[in-house]
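As structure tokens, the structure follows; a few thoughts come after it.
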2 protein chains.
Amino acid sequence: MDFLKPESVYNLANIREDLIRMEDTIIFNLIERSDFPTMPSIYDNESSEIKIPNFDGSFLDWIFQQQEIIESQVRRYQSPDQYPFYPKIIKESFLPTIKYPKVLANYFREININDEIKKIYITKMIPRVAKYDGEQGENYGSAATMDISVLQSLSRRIHFGMFVAEAKFQADRELYTKLIKNNDIDGIEKNITNSAVEEKILKRLIQKAKAYGTDPTADAQTASKVHPEAVVGIYKDWVIPLTKKVEVEYLLRRLEDKEF
Amino acid sequence: MDFLKPESVYNLANIREDLIRMEDTIIFNLIERSDFPTMPSIYDNESSEIKIPNFDGSFLDWIFQQQEIIESQVRRYQSPDQYPFYPKIIKESFLPTIKYPKVLANYFREININDEIKKIYITKMIPRVAKYDGEQGENYGSAATMDISVLQSLSRRIHFGMFVAEAKFQADRELYTKLIKNNDIDGIEKNITNSAVEEKILKRLIQKAKAYGTDPTADAQTASKVHPEAVVGIYKDWVIPLTKKVEVEYLLRRLEDKEF
């Protein structure tokens, strides 16, 4: 899938291939984060352990904002699959703007559920993957850096829902136009849901988490570095539902862009 | 291994366990980098594709320096296993300094071969792992970000040689003192080399690169995302020799620190 070639973007097989590749990235990142404890101080705006001068936010927010400032300057958020967590602080790039052809409806930049992703990640996912519940002051920076990698890979996966939604809309304009006009959210959800594909994803994730999380040369009984069930749970409980949420949000507004 | 507990640092079994865990990180990072082409413009100080205002260096240098400025502020380079690539530009942290106990001889911060690692990575390793030889302008930032992850994981692995060297010195002070006094580099190299362990590393890497680089649910004939031979070659040709170089550099000066 190549954003400079719109025809490649509306092909569900291409989208699925990219989504499958993203599973690897998400699992690698979860494995790396699982090497550290939960470290609640990193996420606490009022932490007594970590004081950041002249900054209103958590330790993670501080590093993440600095990183988005850098990455925005190298065009990260020009790409239609990248959505900032701190859209108010990002900067212009010093590089020439990339002229991406139109691949999504004109309001697509208004759909950004990163705040929700971050909240769920911190409160729900970290406790499932972290090595143990506790602090490790000398690794605050390392853990937060891995958090950013996990969050960025989750955000990309979830906002990819817009490409799925657009491909589905284009494949059956009549059906979706009717559902959207009737504000039929249940009908939209039903039509974008493919339970067989979802089952396949969850089965694949168990296998991948085991394969990537275990040293293949170690004793057979070695535990995976990340619990395969935790990875599956993260997809089942949040990644898949949040992707659908993005798809529905995108589709509900789809008739706004009459030219497309 | 815990740098706050020096006795855990001089234990070769602990060091090896950490080195084995680092293999995973290095392979994950190489797999992610292999998703992009070589992109020579990223590394070219005089690139006609990428112009950075008021900056003398490559595109990778620019992002990497920005990142080291951030990471230095969250204490990355206080940790005895972290060495900056741009030591002149790093900043003080706003967090309290971590009081690491002494775990290496007092000159250890003077040993830093990151320039050499970066040069070899760009000229030798990228051509071995990249998807194909060419540019992909819209992914300059993504590829450079992965480069930083690879380089940081390689640097940590290679500079870990100092812990190996210190553990070996402490295990046989008499032998190493004699070799160092005679400036017997060959003798030092011979004594720090364990060919059986090296063979084991290379065999493990083949298995790991296959396991982590292949979707376990895909058809049996699917190729690994990174060539397992490339990973083995990177270790054999550079990671292991450069780690030994660090060990020898460290040991040759070891008698300077008479108190330790």
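Side chains included, hydrogens not; waters and symmetry mates left out as well; all remaining heavy atoms used. First the proteins, then the strands, lettered A, B, ... as listed; each starts at 1. Keep in mind it's a predicted model, so treat the numbers as computed, not measured.
- Interface residue A:Ile31: backbone and side-chain heavy atoms are both found under 4.5 Å from chain B.
- Within a 6.0 Å radius of NZ in A:Lys200, no more than 12 heavy atoms belonging to other residues, nucleotides or ligands are found.
- Proximity to chain B is limited to the side chain of A:Ile20, based on heavy atoms less than 4.5 angstrom apart.
- Looking at A:Ile98, only its side chain comes within 4.5 Å of chain B, counting heavy atoms on both sides.
- Counting heavy atoms of neighbouring residues, nucleotides and ligands inside a 6.0 Å radius, atom CD of B:Glu92 does not exceed 12 of them.
- Annotation: B:Lys102, atom NZ; neighbour count of heavy atoms from other residues, nucleotides and ligands within 6.0 Å is above 12.
- Here the side chains of B:Trp62 and A:Ile70 are in contact, with some heavy-atom distance below 4.5 Å.
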**Item:** Pair B:Ser79-A:Glu138, side chain to side chain donor-acceptor pair (under 3.5 Å): steps then yes or no
**Value:** CA-CA 8 Å; B:Ser79 184; A:Glu138 73 277 19; over 6 Å; no
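- For chain B, the nearby part of A:Tyr100 is the side chain; its heavy atoms alone come within less than 4.5 Å.
- In B:Glu17, the CD atom is not crowded: 12 or fewer heavy atoms of neighbouring residues, nucleotides or ligands sit closer than 6.0 Å.
- Counting heavy atoms of neighbouring residues, nucleotides and ligands inside a 6.0 Å radius, atom CG of A:Asp133 does not exceed 12 of them.
- Using a 4.5 Å cut-off between heavy atoms, A:Lys225 touches chain B through its side chain atoms alone.
- For the atom pair OH (B:Tyr140) and CG (A:Leu95), the distance works out to 9.0 Å, reported to the nearest 0.5 Å.
- For the residue pair A:Arg204 and B:Thr217, the shortest heavy atom distance occurs at CG-OG1, 3.1 Å.
- Distance CG/A:Asp24 to CD/B:Glu32: 7.5 Å, rounded to 0.5 Å.
- Between A:Thr25 and B:Asp35, every side-chain heavy-atom pair lies at or beyond the 4.5 Å cut-off.
- Taking every heavy atom of both residues into account, A:Tyr212 and B:Pro216 meet most closely at OH-CD, 3.9 Å.
- Contacts between A:Lys208 and chain B at a heavy-atom distance below 4.5 Å involve backbone atoms as well as side-chain atoms.
- Neither the backbone nor the side chain of A:Ser149 comes within less than 4.5 Å of any heavy atom of chain B.
- Among A:Gln73, A:Gln136, A:Glu23, A:Arg76, the residue making the largest number of heavy-atom pairs under 4.5 Å with chain B is A:Gln73.
- Contact of A:Asn29 with chain B is not made at all, since no heavy-atom distance falls under 4.5 Å.
- Here the straight-line distance linking atom OG of A:Ser142 with atom CD of B:Gln82 works out to 6.5 Å at 0.5 Å rounding.
- Among the candidates A:Ile27, A:Asn139, A:Val74, the residue making the largest number of heavy-atom pairs closer than 4.5 Å to chain B is A:Val74.
- Heavy atoms closer than 4.5 Å to chain A are found in the side chain of B:Glu71, but not in its backbone.
- Considering all non-hydrogen atoms of both residues, A:Phe94 and B:Ile52 come closest at CE1-CG1, 3.6 Å.
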